2 protein chains.
Amino acid sequence: MREKTLEEYLGCPFHLAMNTLEGKWKFAILYVLLDKGTLRFKDLERAIPDISTRMLVKELKHLEEKKVIVRKAYAEVPPRVEYSLSEIGKSLSPVIDSISDWGKSYANSLSEK
Amino acid sequence: MREKTLEEYLGCPFHLAMNTLEGKWKFAILYVLLDKGTLRFKDLERAIPDISTRMLVKELKHLEEKKVIVRKAYAEVPPRVEYSLSEIGKSLSPVIDSISDWGKSYANSLSEK
DNA sequence: CAGCATCCAGGAGGATACTG
DNA sequence: CAGTATCCTCCTGGATGCTG
C-alpha cells in the first residue's frame, strides 16, 4: 500500500494536469505540435480533419492560457498566426507516450483472449 | 519530426486508451484500487467522498466491461461485492505516474514566473 | 487567413428516493 | 450492502454564417 492518500496523489498536480489536458482535442493538438513543431491555424485545421473551427479556437485558447502552447501573430495581410509548444508543453511527450504504450499492451491483452 | 502520422499515433491504441480512461472519476477509482488492492462498493464510495452512487456504479461498470477492473460478487446476505484491478489495469500505474509527474513540473514552472 | 457570433442537440453528471 | 430508477441541469461540442 502506498503512503500517499488519494488527496495527496490526485490532489494538486494531478488535477492540475488533467484540467489542462481535458477536452476532446487537446491530445491531438499536442501531438501534432509535438510532431511538426510550429503550425499556422489553417495547418492545424488540416492536420486534424475532424475538428471544427470553433473547437480548434477554443482548445488553442485554453492551451495558450495554460502556458502549454505559444501563439505568435504577425502583423501581415493576410494574417499569419503560428502556434508552437512551450517548454513545459514539450515535456508532455512522456505522458502521451505512456498512454500510447498502455494502449498498445491493452489492445494486445484484449486480442489474446 | 517523427515518422508516424497523426492517424497512426493517435489512431488505434491511443484512442483505445483514452476511451477507457475518459470520465470524471476513472483516475480516482483507478488510483484508489492501485493503492488499496481490493475494495467493496461501499469502501470505494467512502474513499472517493464526492462521487455519487450513480456515477460510481456507471464508472465501475464501464471499467469492468473494458476488462480494466474485476468484479467479484459473493452470494451472501448482506451482499458483498469486491472490486480489484485486472493485470492490465495494474499496468496503468506508469500512466498515472507520468501525468502526476508532469503536473508537478507544470506547477513549478507556473510558480516560477 | 484567422478567427468570432449564434443557435442547437446530446450526453455527462448531480440529487433524491427506492429495492432485494 | 449494493445497487436501481427518475428527474433535471449544465456544459461540451457540432453546424453555419459572418468579419477584419
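What's counted below: heavy atoms across the whole structure, side chains too, no hydrogens, waters or symmetry copies. Predicted model only: the values in this text are computed from it and were never measured. Just so it is clear: chains get the letters A, B, ... in the order the sequence lines come, proteins before strands, and each one is counted from 1.
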Report task. Nearest-nucleotide wise, let me know which of A:Asp43 and B:Met55 is further upstream toward the 5' end of DNA chain C. Result -> A:Asp43

Query raised in the report: Taking CD1 from B:Ile51 and P from D:dA2, how many angstroms apart are they, rounded to a whole number?
Result: 15 Å

Query raised in the report: Just how far, in rounded Å, is C1' of D:dT12 from NE2 of A:His62?
Result: 13 Å

**Report entry** Electrostatic pair A:Lys42-A:Glu45, nearest N-O below 4.0 angstrom
**Finding:** yes

**Report entry** Charged N-O contact under 4.0 Å between B:Lys90 and B:Glu87
**Finding:** yes

Query - Spacing of CZ belonging to A:Arg71 relative to OG belonging to A:Ser86, to within rounding of 0.5 Å - result: 15.5 Å

Report summary line: First and last nt of DNA chain C near chain B, cut-off under 4.0 Å to heavy atoms, 5' to 3', are C:dG13 to C:dG20

Report task. Would you mind telling me which residue lines up with the more 5' stretch of DNA chain D, B:Leu60 or A:Trp25, judged by nearest nucleotide? Result -> B:Leu60

**Report entry** Any donor-acceptor N/O pair, A:Trp102 side chain to B:Ile88 backbone, under 3.5 Å
**Finding:** yes

Query raised in the report: Rounded to the nearest Å, what distance is computed from the CG atom of residue B:Leu44 to the C1' atom of nucleotide D:dA2?
Result: 12 Å

**Report entry** Least distance between heavy atoms, A:Arg40 atom then A:Pro79 atom
**Finding:** NH2-O, 3.4 Å

Query raised in the report: Given atom NZ of A:Lys58 and atom C1' of D:dT12, what is their separation to the nearest angstrom?
Result: 7 Å

Query - N/O donor-acceptor pair under 3.5 Å between A:Tyr106 side chain and B:Leu92 backbone - result: no

Report task. Indicate whether OP1 or OP2 belonging to D:dG3 is found under 4.0 Å from a side-chain N or O atom of B:Arg71. Result -> yes

Requested in this report: Could you check how far NZ of A:Lys61 sits from P of D:dG13, rounded to whole Å?
Outcome: 16 Å

Report task. Measure the distance from CZ on B:Phe41 to P on D:dG3 and round it to the nearest whole Å. Result -> 6 Å

Query raised in the report: Can you check whether B:Tyr83 has a side-chain N or O nearer than 4.0 Å to OP1 or OP2 of D:dC1?
Result: no

Query raised in the report: CD of B:Glu22 versus P of D:dC11: gap in Å, rounded?
Result: 19 Å

Report summary line: Among D:dC7, D:dC1, D:dG14, the one nearest any side-chain atom of B:Arg54 is D:dC7

Query raised in the report: Under 3.5 Å, is there a donor-acceptor pair between the side chain of A:Glu59 and the main chain of A:Trp25?
Result: yes

**Report entry** For atom CD of A:Glu45 and atom P of D:dA15, their distance in whole Å
**Finding:** 12 Å

